[in-house]
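Since the model is a prediction, treat every value here as computed from it, not as a measurement.
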Amino acid sequence: MATINTISEYQEALKKIDQLIVKVGDNLSYDNPEFVMLDRLSDLVADYEDENIKIEIPTLIDVVKLRMYEMGLKQTDLANTLQVPKARVSEYLRGKRDITLEVARKLHHELKIDGDIILQ
């Protein structure tokens with residue numbers, strides 16, 4: 001297979017990769033023909049994904065909600081962390097109010113949210 005052109009070819013390649021991973025195990029040598037096939041299929045799948053499967057950049061609100069989930073924070077906890085009223089956090093999370101520069105800094109430092117996501 002020189003390229004993956006359809007979703008069905010893509011899905012078949014993914015299945016084959018799963019099978020090859022089990023077969024290859026720790027034998028990651030180019031002397032192993034199954035490893036060579038796994039390596040080549042992985043490249044083809046990556047090329048197909050780059051061309052056909054677009055991953056959208058998450059919004060800041062989506063990232064904040066994810067980080068709240070990961071850290072086990074409720075809106076009250078986030079309000080305390082950001083030093084803003086709980087109602088303000090609710091407005092931020094619903095997109096009813098823009099996040100201020102001061103709050104953006106706190107999101108970066110306290111929740112470890114990447115600056116590129118904050119600035120988008």
Worksheet entry | Under the salt bridge (charged side-chain N to carboxylate O under 4.0 Å, His left out) test, residues paired with E56 that sit two or more places apart |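 E56 satisfies salt bridge (charged side-chain N to carboxylate O under 4.0 Å, His left out) with no other residue.
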
If you take all heavy atoms of [X] and [Y], which pair is closest and at what distance?
{"X": "L107", "Y": "L82", "value": "CD2-CD2, 3.9 Å"}
{"X": "T81", "Y": "E110", "value": "CG2-CB, 3.6 Å"}
{"X": "Y92", "Y": "I61", "value": "O-CD1, 3.0 Å"}
{"X": "Q83", "Y": "K106", "value": "OE1-NZ, 3.1 Å"}
{"X": "A13", "Y": "L41", "value": "CB-CD2, 4.0 Å"}

Worksheet item: Do E51 and D47 come within less than 4.5 Å of each other through their side chains, counting heavy atoms only?
Response: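 A side-chain contact under 4.5 Å is absent here.
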
Worksheet entry | Validation row: L78, V64 side chains within 4.5 angstrom (heavy atoms) |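 Heavy-atom side-chain distance check passes, below 4.5 Å.
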
Decide whether [X] and [Y] are clustered together by the hydrophobic rule: side chain heavy atoms of Ile, Leu, Val, Met, Phe, Trp, Tyr closer than 4.5 Å, transitively.
{"X": "I99", "Y": "I57", "answer": "no"}
{"X": "I55", "Y": "Y10", "answer": "no"}
{"X": "V24", "Y": "Y30", "answer": "yes"}
{"X": "L20", "Y": "L14", "answer": "yes"}
{"X": "V22", "Y": "L38", "answer": "no"}

Answer yes or no: does atom [atom1] of [X] have more than 12 heavy-atom neighbours from other residues, nucleotides or ligands under 6.0 Å?
{"X": "K96", "atom1": "NZ", "value": "no"}
{"X": "D50", "atom1": "CG", "value": "yes"}
{"X": "M37", "atom1": "CE", "value": "no"}

Value rounded to 0.5 Å, distance of [atom1] in [X] from [atom2] in [Y]:
{"X": "E9", "Y": "K16", "atom1": "CD", "atom2": "NZ", "value": "15.0 Å"}
{"X": "I113", "Y": "I118", "atom1": "CD1", "atom2": "CD1", "value": "5.5 Å"}
{"X": "D26", "Y": "F35", "atom1": "CG", "atom2": "CZ", "value": "11.5 Å"}

Tell me whether [X] contacts the main-chain N or O of [Y] through its side chain, where contact means a donor paired with an acceptor under 3.5 Å.
{"X": "R67", "Y": "K112", "value": "yes"}
{"X": "K86", "Y": "A79", "value": "no"}
{"X": "D43", "Y": "R40", "value": "no"}
{"X": "Q120", "Y": "P58", "value": "yes"}

Fill in: E102 and R105 ion-paired at < 4.0 Å
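R105 and E102: not salt-bridged.
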
Item to complete: Go through the side-chain N and O atoms of N32 and S29 and say whether any donor and acceptor fall under 3.5 Å apart.
Response: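 There is no such pair between these side chains.
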
Practice prompt. Test K65 against every option in T59, L60, L73, L93 by the side chain to side chain contact (heavy atoms under 4.5 Å, CB included) rule and name the one that passes.
Written response: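 Exactly one candidate clears the test, L93.
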
Item to complete: Would you please test E91 and R88 for side chain to side chain contact (heavy atoms under 4.5 Å, CB included) and show each step?
Response: CA-CA 5 Å; E91 291 173 341; R88 178 83 33 90; 3.8 Å; yes

